[in-house]
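Before I ask anything, here is the structure I am working with.
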Amino acid sequence: MADASSTIDERARAIVDDFSLFDDWIGRYEYLIEIGKKLPPMDDALKTDATRIHGCQSKVWIHTARDRDRMTMQGDSDAMITKGLAGLLIRVLDDQPPEAVREADLSFIDDIGMREHLSSTRNNGLHSMIEQIRTRAARLAESAEPASDSAVSSSNA
Amino acid sequence: MADASSTIDERARAIVDDFSLFDDWIGRYEYLIEIGKKLPPMDDALKTDATRIHGCQSKVWIHTARDRDRMTMQGDSDAMITKGLAGLLIRVLDDQPPEAVREADLSFIDDIGMREHLSSTRNNGLHSMIEQIRTRAARLAESAEPASDSAVSSSNA
Amino acid sequence: MRGEFPALHQSVYEDTPLVYLDNAATTQKPQVVLDRMARYYAHENSNVHRGVHKLSQDATDAFEEARQSVADLINAPSSDQVIFTRGCTESLNLVAQTFARPQLGPDDTVVVTHMEHHSNIVPWQMACEATGATLKVWPIHDDGTLDMEAGRQLLAEETFLLAMGHVSNALGTIHPVASIIDTAHAHGVPVVIDGAQSMAHLPVDVQALDADFYAFSGHKMFGPTGIGVLYGKYDLLDGLPPYHGGGDMIDEVSFDGTTYADLPHRLEAGTPHIAGVIGLGAAARFVRELDHEAVHAHEEDVLQYAHEQLAAIDGLRLVGTAPEKTSVCSFVFDDIHPYDAGTILDRLGLAVRTGHHCTQPLMERLDLPGTIRASFALYNTRQDVDRLVEGLDRVQTMFG
Amino acid sequence: MRGEFPALHQSVYEDTPLVYLDNAATTQKPQVVLDRMARYYAHENSNVHRGVHKLSQDATDAFEEARQSVADLINAPSSDQVIFTRGCTESLNLVAQTFARPQLGPDDTVVVTHMEHHSNIVPWQMACEATGATLKVWPIHDDGTLDMEAGRQLLAEETFLLAMGHVSNALGTIHPVASIIDTAHAHGVPVVIDGAQSMAHLPVDVQALDADFYAFSGHKMFGPTGIGVLYGKYDLLDGLPPYHGGGDMIDEVSFDGTTYADLPHRLEAGTPHIAGVIGLGAAARFVRELDHEAVHAHEEDVLQYAHEQLAAIDGLRLVGTAPEKTSVCSFVFDDIHPYDAGTILDRLGLAVRTGHHCTQPLMERLDLPGTIRASFALYNTRQDVDRLVEGLDRVQTMFG
Ligand SMILES: Cc1ncc(COP(=O)(O)O)c(C=O)c1O
Ligand SMILES: Cc1ncc(COP(=O)(O)O)c(C=O)c1O
């Protein structure tokens, strides 16, 4: 869904620019919800224990896979805000090299006024999502053998 | 050792008068220690588990017995201050009717500046001594049958 | 009244005045409680029960006075029956480990209701697992009341123990514990009451209830964190084996064998939470000195008003509509996730709780992922409800 | 330094300035600790770990920051290895109940030293009694040091566990725990260290010590009451069965079976002592930021001075003269009962402790009814020692 030729930082900057158009939190949250709504639907078959992000009040799934030297992502949640947060991450990280995902500077989340979701202890799972994505990216980056989609997603369990 | 014809209140008042001669706590404590020293020696055979007052840092024994309609007392402690406190109680309560002992107003302890020893939680046992003496007095007062000395003291266990 | 609670007077997210509606999780503390603890630390701080010196005596006197204040509040026959614990959870675990576990066997049954808090489920599960006993569940109706008929049957069977809440933290239901205890006793079943949610709202008289054990937390009754109470009938408490070993709970320690102190100390090993006990004493006096009728009327009014206002919102459904309720409004939207609602309410200054409220079996029973819960205390007002309703309106606009 | 501790600046019995020499029982609290707790109650008070609202997030962030501060102080590899308990006593009971008891059998042996605090004896007695295991005693010398030869033999025998203090509360002896742990590990014996008395005086590095478990109390290290810590090696902690059941320690609860959360939460059931944890975090930072060399030199100087001054008193005998000591002076008079001395010292404003200091087996071993104990902290001075010596002079005059 994202432009593969742009870097993580470029995409993050674009998001920060979008969000800067709003001068109150309501606008920003409405935009976040929009982002969630625009997320391409996730195949229900991918919503498994292996792709589920734990430690959230809402249900969240992130499916990651390898596509040649890139890491691709799909996600969904039963809560709109969480889905919007998943959407943000996917916008920035989808279809990028796993090495870049592993190292990605995600401070843009703070810059768009969603800092409260970064608290490690908020039960919303943004923190858990990031952790999980980074772990999977690290695994992909380290594994020399080209893995098939399903092998990667089941190794996420 | 005390004058049997005087009442508990009279004896307490006499003690308050004695203590009022001192205008600092040092004098009062020295006098208390004196009272301990003057306590007639207690027969070591009476220092048993039955006469031991528990809940004190020091060892304290109070032996009570019936002498016709009176309750008699002996006491000792390995700490001087505790012995002085035992001596105070014995001065006031020895050789008095058990009914009077049971009901005795012992607020003179407050009046002589020894209030801190009345705290139920100070591990010195004044509180425990008073409790024990009252319990034994109540038992003596209630028991219609004339009990022998030894019977009474062993019922203190 | 509100003036006495400093934490109520603050704004969140820079300039949004806080409306605190999470009282079932923990209540705010009145200034008298905070002052009492500050005084302890500044003037009396010292270890209790063992010292001859003035600070230690002052601390011990204050400590034991607090125990008496708690005993007075719940009408315990003696302050020796007030055991200080870390909180309601520990009180329940204490009973499960020292009362139930040594007596339970594979043929025994412990009964809990389907709407218990995890803290009144897991300790019994653990005791049953360790002993082979069976945990049975007292079923409930959809409105959040107990199925009394089913309960009577459970109690009539060979039941070792009934453990149940006085007030449900998730739904606010007040259970008829006095008559349930009566029935249980008629069958020889002792009853452990989880009073976590009752202390801030109801007068509790453990003797009138005839409860065998009654557990609660200080932090949910305007007291400090880290302190709770286990009340028990004297003979039951006195029959318990020691729980923790350590200082203060012993009579004499020797390598040939140790003898234990009397109640309440036998069940309170180690240096206690002295500031917490003293603060809880102040909270107990605060509650005891309230004008109970006025407070009750006020709380009823706010709850009633909240029910009416919320029920009038399209697409919103109240969860828990028992006739006897106190101070908890749980609800869901047909098509808005509780987490979404909670997040937006938070930004609007409304501190509500969302989720399973540590009652997962209840949520499963009601087939809900969780609820939004507004829980009130004596300092909440109709205005707070109005703020909540405005907030929910905004939530619906955003997710509609 | 003294200025930061409000409780030091008061008089007792109207006009007698307090000299607080009972620090081994509990330390006074610096203003930063009190302020941090006051801020929590006034601005953040809320239940942790479960809430979406601002207060709950602030409280949770502060709570977990405090866990990190404690981990930093003892150099724990991860804050997940810092388990919050009510105090050192509970920490030791937790290990006895969840680590030792399930593994102990009639052929097993637990070793404790003869100078342990009751809190590090009774939990092991209880675990041994429940399992038929044997408690063995590591003997000591008259000066308050361990008999190392005897200890090596005990560890060479089949020993399940060694539990010992880092610093003796009654005598001040610093035990060579690092080398003892080495020896124990060479024999495959895990070691539980009771660190109640070390935290306020020594730098503690649990990794350098290679301790398997390390237990301590907040209130003895300038922190609040009602809070303590159990540190453990990750694999050991992770292998423990749940201790208390309840809120926060679960993953999912159902009547078909409950699954538990990860460390540290699995071992922390129920609402924690939030204010206490946050206060302890402030205390940990306070200790960490001290100029350790200066503090150590000062404490050494005061202890040395006290030893010299007291040793010079006729009829007084120091109890506990190990070469490695910290901050505790225990002593007896030939012919004055400790209680008499303590009572008079109290009236002179000197808060010392008298009695058995929760070490009855040690007192029996030394054939003493108890001692008078002056225990120092970083805020005590030579002047305090002078006041003590004057007081003891008065005591001798009165009982001479
Ligand atoms: C050496 C030692 N161990 C254990 C304890 C128990 O600590 P607490 O009473 O804080 O649980 C103490 C303090 O009393 C102690 O001095
Ligand atoms: C009904 C009920 N029982 C038990 C508890 C446990 O109380 P605590 O967490 O204070 O131990 C709570 C609160 O969370 C509760 O609401």
Side-chain angles (χ1 to χ4, degrees), chain C residues 6-7 10 12 22 25-26 28-29 34 41-43 45-47 50-55 86-87 89-90 93 117-119 121-123 125-126 137 217 219 224-227 242 244-247 250 252-255 258 269-271 273-276 342-343 346 351 353-355 358 360-361, chain D residues 6-7 10 12 22 25-26 28-29 34 41-43 45-47 50-55 86-87 89-90 93 117-119 121-123 125-126 137 217 219 224-227 244-247 250 252-255 258 269-271 273-276 339 342-343 346 351 353-355 358 360-361:
Chain C
Q10 58 177 318
V12 291
D22 196 15
T26 199
Q28 299 303 337
K29 323 303 175 200
L34 303 181
Y41 278 124
H43 294 294
N45 177 60
S46 179
N47 214 321
R50 306 177 210 155
V52 293
H53 62 77
K54 184 76 170 64
L55 256 54
R86 182 190 14 255
T89 299
E90 189 184 26
N93 278 276
H117 187 280
H118 294 165
S119 290
I121 296 175
V122 185
Q125 281 185 320
M126 287 167 58
V137 183
S217 287
H219 71 96
T225 63
I227 190 74
H244 286 164
I250 56 94
E252 296 208 20
V253 174
S254 117
F255 290 120
T258 288
T271 304
H273 180 8
I274 307 170
T343 303
D346 169 46
R353 187 140 300 221
T354 61
C358 294
Q360 287 178 355
Chain D
Q10 57 177 318
V12 292
D22 196 15
T26 200
Q28 299 302 336
K29 322 303 174 200
L34 304 181
Y41 279 124
H43 294 292
N45 177 59
S46 179
N47 214 322
R50 304 178 212 155
V52 292
H53 61 78
K54 184 78 170 64
L55 256 55
R86 186 192 8 259
T89 298
E90 189 184 25
N93 279 274
H117 188 279
H118 294 164
S119 290
I121 297 174
V122 185
Q125 281 186 322
M126 286 167 59
V137 183
S217 286
H219 72 95
T225 63
I227 190 72
H244 286 164
I250 56 94
E252 296 210 20
V253 174
S254 118
F255 289 120
T258 288
T271 304
H273 178 8
I274 307 169
Y339 179 75
T343 303
D346 169 46
R353 188 139 301 221
T354 61
C358 294
Q360 286 177 357

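So you know, we letter chains A, B, ... as the sequences are listed, proteins then strands, and number each from 1.
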Proximal component of C:Gln125, with respect to chain D [non-hydrogen, under 4.5 Å]: side chain
Under 3.5 Å: donor-acceptor pair, side chain of D:Lys29, backbone of D:Pro6: no
For chain D, the option from C:Asn47, C:Val253, C:Asp22, C:Thr89 that forms the most heavy-atom pairs under 4.5 Å: C:Val253
Most contacts with chain D, counted as non-hydrogen pairs under 4.5 angstrom, among C:Thr271, C:Thr225, C:Ile227: C:Thr225
Contact winner vs chain D - C:Gly247, C:Ala269, C:Gly355, heavy-atom pairs under 4.5 Å: C:Gly247
Aromatic ring pairing C:His244/D:His244, orientation class (parallel under 30°, perpendicular over 60°, tilted between): parallel
Top of D:Asn45, D:Thr26, D:Val122, D:Thr258 for chain C proximity - count of heavy-atom pairs under 4.5 angstrom: D:Asn45
Minimum heavy-atom distance between D:Arg86 and D:Glu90, given as atom pair plus value: N-OE1, 2.6 Å
Taking every non-hydrogen atom, the tightest pair across D:Ala7 and D:Gln28: CB-OE1, 3.1 Å
Per-residue contact mode, D:Gln10 against chain C (heavy atom under 4.5 angstrom): side chain
Top contributor to chain D contacts, counting heavy-atom pairs under 4.5 Å, from C:Ser46, C:Ser254, C:Cys358, C:Ala42: C:Ala42
Value rounded to 0.5 Å, distance of NE2 in D:His118 from CD in D:Gln360: 4.0 Å
Which of D:Thr354, D:Leu34, D:Leu55 touches chain C most, by non-hydrogen pairs under 4.5 Å: D:Leu55
Heavy-atom pairs under 4.5 Å with chain C, option from D:His43, D:Glu252, D:His117 with the top count: D:His43
C:His53 side, atom NE2; D:Arg353 side, atom CZ - distance, nearest 0.5 Å: 5.0 Å
Proximal component of C:Ile274, with respect to chain D [non-hydrogen, under 4.5 Å]: both
Greatest number of heavy atom pairs closer than 4.5 Å to chain C - which of D:Pro224, D:Gly276, D:Ser217: D:Pro224
For chain C, the option from D:Pro123, D:Gly245, D:Gly226 that forms the most heavy-atom pairs under 4.5 Å: D:Gly245
